[in-house]
Amino acid sequence: MSDKHSHQETAVEQMRRVRDQLNREIEATSGKVLLDQICGHRYSSPFLQRLASKAARKTEKPGMASGSR
């Protein structure tokens with residue numbers, strides 16, 4: 001049982017390391033480049049594809065980006 005518990009802790013540590021690495025990469029990427037990557041990717045999930053399309057539409061309208069509706 002203790003082997004299984006230590007293995008789970010290692011998996012959690014790995015996930016945290018990957019998450020932190022992705023966060024650093026995203027923070028280092030400019031907004032336009034990040035948006036181009038999001039919009040240029042073909043998502044397997046229809047939900048994620050709709051979110052990417054919605055993000056692209058919002059940036060096309062200058063008034064919407066500032067929060068005015």
### Message
Distance check, rounded to the nearest 0.5 Å: Lys32 atom NZ versus Leu35 atom CG?
### Response
7.0 Å
### With sequence neighbours excluded, residues passing side chain to side chain contact (heavy atoms under 4.5 Å, CB included) with Gln21
Arg24, Glu25
### Query
Can you tell me how far SG of Cys39 sits from NZ of Lys54, rounded to the nearest 0.5 angstrom?
13.5 Å
### Message
I need the Met15 CE to Arg17 CZ distance, nearest 0.5 Å.
### Response
10.5 Å
### Query
Within a reach of under 6.0 Å around CZ of Arg42, are more than 12 heavy atoms found that belong to other residues, nucleotides or ligands?
no
### Query
CD1/Ile38 to CG/Leu48 distance, rounded to the nearest 0.5 angstrom?
10.5 Å
## Note on the structure
Residues passing the side chain to side chain contact (heavy atoms under 4.5 Å, CB included) test with Ser44, sequence neighbours excluded, are none
### Query
Ion pair present between Arg16 and Asp20, side-chain N to carboxylate O less than 4.0 angstrom?
no
### Message
For a quick test of reading the model, state the closest non-hydrogen atom pair linking Leu34 to Thr29 and the distance between them.
### Response
N-CG2, 3.7 Å
### Message
Measuring from atom CG of Leu22 to atom CD of Glu27, what distance do you get when rounded to the nearest 0.5 angstrom?
### Response
11.0 Å
